[in-house]
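So the structure is just underneath, and the comments pick up after that.
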Amino acid sequence: MTQPSTLEKLAILADAAKYDASCASSGTTRRDSKGSKTGKGIGSTEGMGICHAYAPDGRCISLLKVLLTNHCIFDCHYCINRKSSNVRRARFSPQEVADLTMAFYRRNYIEGLFLSSGIIKSSSHTMEQLIESARILREEYEFRGYIHLKTIPEADPELVRRAGLFADRVSINVELPTVAGLTRLAPDKSAPRIAGAMDLMAGAIVEGRDARRRFRHAPRYAPAGQSTQMIVGADAASDAEIMTKSSGLYGAFGMRRVYYSAFSPIPDASAVLPLKRPPLMREHRLYQSDWLMRFYGYSLDDVHAAADPGGMLPLDIDPKLAFALKFRDRFPVDVNRAPRELLLRVPGLGVRAVNGIVSARRMRRLDLADLARLTQSLTKVRPFIIAADWRPVILADRADLRAIVAPRASEQLELFA
Ligand code: SF4
C-alpha cells in the first residue's frame, strides 16, 4: 500500500482533530526571546485570540489543530479514531509536525499549534512523541508562538509533567461527567488516573509559577494553565451533574477552562451511543452557566436552582433569566444604589454594563435613557430594576413576565442552528 503524502496525512489528521473543542488559546503570557540562541525567536503569543475555529466565547483564533496520529489502541465508543473504527489512518513524526507548524506559521496561516493524538504502542510512547514535537519547535526552531498540548493521563507522570515545559497550555480530557459514563463509554480510561494527572499538572503549574517569582531565569511552565473537555449528551448525565463536575474541576485543579462539547454522532457509531446529537443550545446553556459561576458570582447551588427538577437547564431562556424568574423576591434592584454583585444578577446586564453603571452613577442618578445606552436589551432589564425615573410593578404579580422578557424561543434557536 502506498504511503499517504504529507498533504493527505494533514487532511486525515486535521479532520480527525476537529472533534476536540478544548483548543481556545486564551490567557497565556508572552515568551520573550531572551535566552534563545539567536536572541530573536520566532512567533509570539501576544494578542491572545489566535485560532482557526470559533472559541465558545466568540473569538476566532488561528491554530494548526492536528493529531500526531489517529491510530489508537483504545476503544472509546464516542470517538471516531477508536481502534474498532473503520477510518483511514495516518501518522506524522514529531519532525513532520514541527516542520508543518513552521511552514504554516511562516505563511501567516496560523499563530500556534494544538496537538493531540490517538494512542500508539503505549500511552508513554505517545506522550514522548507529543513532547518531542513541541521540543523541536521550541528548542530547534525557537518557536515562540502558542502551543497547546493534549496530555495522556495514562502516561508516565514524569512525561505528563514535562509537557508543561514546552506548552503554553496543557489539557487532559475528563471526557465524561460521571464515573459511570466513563466506565461505560471509555472502558480503557480510568477516572482516578485522569484526576491524578490533573492533580499532578496543577501542582507543577503552581510550582512553576512560584519558581518564576523567586528566580528570574526559572523556565516558564504552562503559563496558560490547564484545561479540559467534557462530552455532553453521550451519556445520561444531567446539566446539574455536568456543572457539579465542572465546579469540582475548577476548584480542585485550578482549571482555566472547562470546554463542553456536544456529542456528535460519528460514522459506524457504536450501539451504546445515542443516535442523535443533543441540541447545540444545550452546550450554549452550559457555557452560560459556567460563565455565571466564574464571572458573575453564582454558586453551584444557584446554577442548580436555575435547572428544572430533572436537573436540565431550560433551552428557551438563559440560566440567569431562569434564576431571576424563580427568585423574583430578590428584584427589583436599584441601579443607583445596589452593590455590584446584585447588579450582576440582573438579566440583561453583563459585566461591561455593570461596570459602566457603577462608574456612571458616581456622577449622577441614572435613568432609563442612561441604561439604554449601556445595555443591549432594555426590555429584558426593565422589569428587574429601579432607576431614577422607573419602578416596575411587583414582579410576583406578573404572570406574563416570562413571555415579556424572554426572546421567542424560535428566534434564539435560529441563532444557534
Ligand atoms: S484514547 Fe479514546 S478518545 Fe483518544 S483517540 Fe483513542 S479512542 Fe479516541
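One is the number of the first residue; the rest follow in order along the sequence. Each ligand, and each atom within it, is numbered from 1 in the order the structure gives.
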Arg330 charged N/C atom sitting above Phe327 aromatic ring, 6.0 Å / 45°: yes
Would you kindly check if the NZ (Lys) or CZ (Arg) of Arg257 is within the cone defined by 45 degrees around the ring axis of Tyr259 and under 6.0 Å from the six-membered ring centre? yes
Polar protein atoms (N, O or S) that approach atom 2 (Fe) of ligand 1 to under 2.8 Å: Cys76 SG
Partners meeting side-chain contact (heavy atoms from CB on, under 4.5 Å) with Ser123 (sequence neighbours left out): Phe74, Ile119, Ile152, Glu154, Ala155
Quick one: list whatever passes side-chain hydrogen bond (donor to acceptor under 3.5 Å, both in side chains) with Arg91, sequence neighbours left out.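 With neighbours one apart ignored, the set is empty.
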With Tyr298 via ring pair (Phe, Tyr, Trp, His ring centres under 6.0 Å) - residues at least two apart: Phe323
Could you check whether any side-chain N or O of Arg345 sits under 3.5 Å from a backbone N or O of Gly297, counting only pairs where one atom can act as donor and the other as acceptor?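 Side chain of Arg345 to backbone of Gly297: a pair is present.
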